[in-house]
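Remember, it's a predicted structure, so these values are computed and weren't measured experimentally. All ligand and atom numbering here is 1-based and tracks the order in the structure.
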Amino acid sequence: MNPAQIICVSKTFALSKLLPLIDYGHRHFGENKVQEAEAKWSEIKKNKKDIKLHMVGRLQTNKVKKAVKIFDFIHSVDSKKLADSLKKREIEINKKLSYFIQINLGNEVQKGGINKNEAKSFLDYCNGKLDINVIGLMAIPPFDENPEKYFNDISSLNSKLGLKHLSLGMSNDYNLASKYGSTFVRIGSAILGERKS
Ligand SMILES: *Cc1c(COP(=O)(O)O)cnc(C)c1O
């Protein structure tokens, strides 16, 4: 089994705190707000073109324009409206991103993501009709519950759909996530320390 790629989720942390990681050679970083990502990463990405930026938070369609410009991966595709808008913007600026479809495993109203029963038809829409590059599923299991059942669910759905990548696991559960075939773990506090906000 290949080890998962670590995305260092750097939301709320200043670039100065991240420079040692970049100098050391780490290249995958995650943010959850378009504006913060733009302010933090625009300049350095011009000089270090191999830095890959991942949008891990919920994305509103009115932020798509800026998001497609700054990000390389978007982990939170969860509606046709959003997918349509991403495609339109890709064409406008002639850039291809990689995407994850976010699945709402616990059917939690406050969280983004589509129902797992709709995953197949939504994937067909994105990779077929729309022709954007969806590479896998992403999920955040319900807080305060044992994630194992959810990891098992999404991992088997991911294989059933024939997807190569899986965005699963955060600071508290990345070990377990990698046992369930995660290829991108999203780790913030375990690398950078507690966030203030
Ligand atoms: C903040 C965040 C993370 C990282 O969380 P940690 O618990 O600090 O590792 C991972 N995924 C998403 C979607 C996040 O918003």
Side-chain angles (χ1 to χ4, degrees), residues 3-15 17-18 20-22 26-41 51-61 63-64 66-68 70-79 82-83 86 97-116 119 134-148 150-151 153-155 157-158 163 165-197:
Q5 172 66 52
I6 294 170
I7 300 167
C8 173
V9 179
S10 51
K11 62 190 186 199
T12 79
F13 290 98
L15 186 60
K17 174 109 188 183
L18 310 170
L21 284 166
I22 297 168
H26 192 76
R27 287 297 177 263
H28 290 260
F29 292 88
E31 295 286 342
N32 69 342
K33 293 200 174 84
V34 176
Q35 219 161 352
E36 183 184 346
E38 219 181 8
K40 203 185 289 180
W41 293 100
I51 287 179
K52 300 294 179 200
L53 208 57
H54 297 252
M55 174 57 173
V56 299
R58 210 163 190 178
L59 180 59
Q60 291 165 327
T61 40
K63 304 266 172 67
V64 161
K66 289 178 172 172
V68 170
I70 189 81
F71 288 103
D72 302 288
F73 293 77
I74 290 174
H75 291 239
S76 47
V77 182
D78 65 354
S79 72
L82 178 58
L86 290 164
L97 280 70
S98 297
Y99 299 100
F100 291 89
I101 293 173
Q102 186 173 351
I103 303 293
N104 193 330
L105 288 173
N107 296 318
E108 298 169 285
V109 285
Q110 76 280 16
K111 252 181 214 159
I114 65 164
N115 190 287
K116 62 183 176 190
V134 173
I135 61 172
L137 302 180
M138 176 273 212
I140 307 166
F143 184 67
D144 264 1
E145 269 187 60
N146 184 342
E148 191 146 15
Y150 297 102
F151 284 0
D153 277 2
I154 192 145
S155 179
L157 181 58
N158 209 63
L163 290 162
H165 287 280
L166 179 60
S167 169
L168 202 63
M170 308 180 18
S171 289
N172 292 329
D173 53 20
Y174 61 88
N175 261 320
L176 186 65
S178 56
K179 281 193 197 126
Y180 280 93
S182 176
T183 64
F184 283 93
V185 289
R186 310 176 309 266
I187 305 180
S189 48
I191 298 172
L192 295 165
E194 290 304 317
R195 286 179 293 274
K196 285 196 194 77
S197 50

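Residues that satisfy the ring-ring contact (aromatic ring centres under 6.0 Å, His included) test with Phe29, not counting sequence neighbours, are His26, Trp41. Taking Lys116 as the reference, Asp153 meet the side chain to side chain donor-acceptor pair (under 3.5 Å) condition, with sequence neighbours excluded.
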Throw together a table of side-chain donor-acceptor distances under 3.5 angstrom for residues 52-59, partners on residues two or more places apart or in other chains.
from	atom 1	to	atom 2	distance (Å)
His54	ND1	His75	NE2	2.8
His54	NE2	His28	ND1	2.8

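How far CD1 of Ile101 is from CD1 of Ile135: 11.0 Å, rounded to the nearest 0.5 Å.
Between Leu192 and Leu21 the shortest side-chain heavy-atom distance falls below 4.5 Å.
We find that Glu36 and Lys33 are not joined by a salt bridge, their nearest charged nitrogen and carboxylate oxygen being 4.0 Å or further apart.
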Show me a pair-per-line table, with atom names and distances to 0.1 Å, of protein N or O atoms that are under 3.5 Å from an N or O of ligand 1.
from	atom 1	to	atom 2	distance (Å)
ligand 1	8 (O)	Ser189	N	2.8
ligand 1	8 (O)	Ser189	OG	2.9
ligand 1	8 (O)	Arg195	NH1	2.8
ligand 1	8 (O)	Arg195	NH2	3.2
ligand 1	9 (O)	Ser171	N	3.0
ligand 1	9 (O)	Ser171	OG	2.5
ligand 1	9 (O)	Gly188	N	2.8
ligand 1	11 (N)	Arg186	NE	2.9
ligand 1	15 (O)	Lys11	NZ	2.7

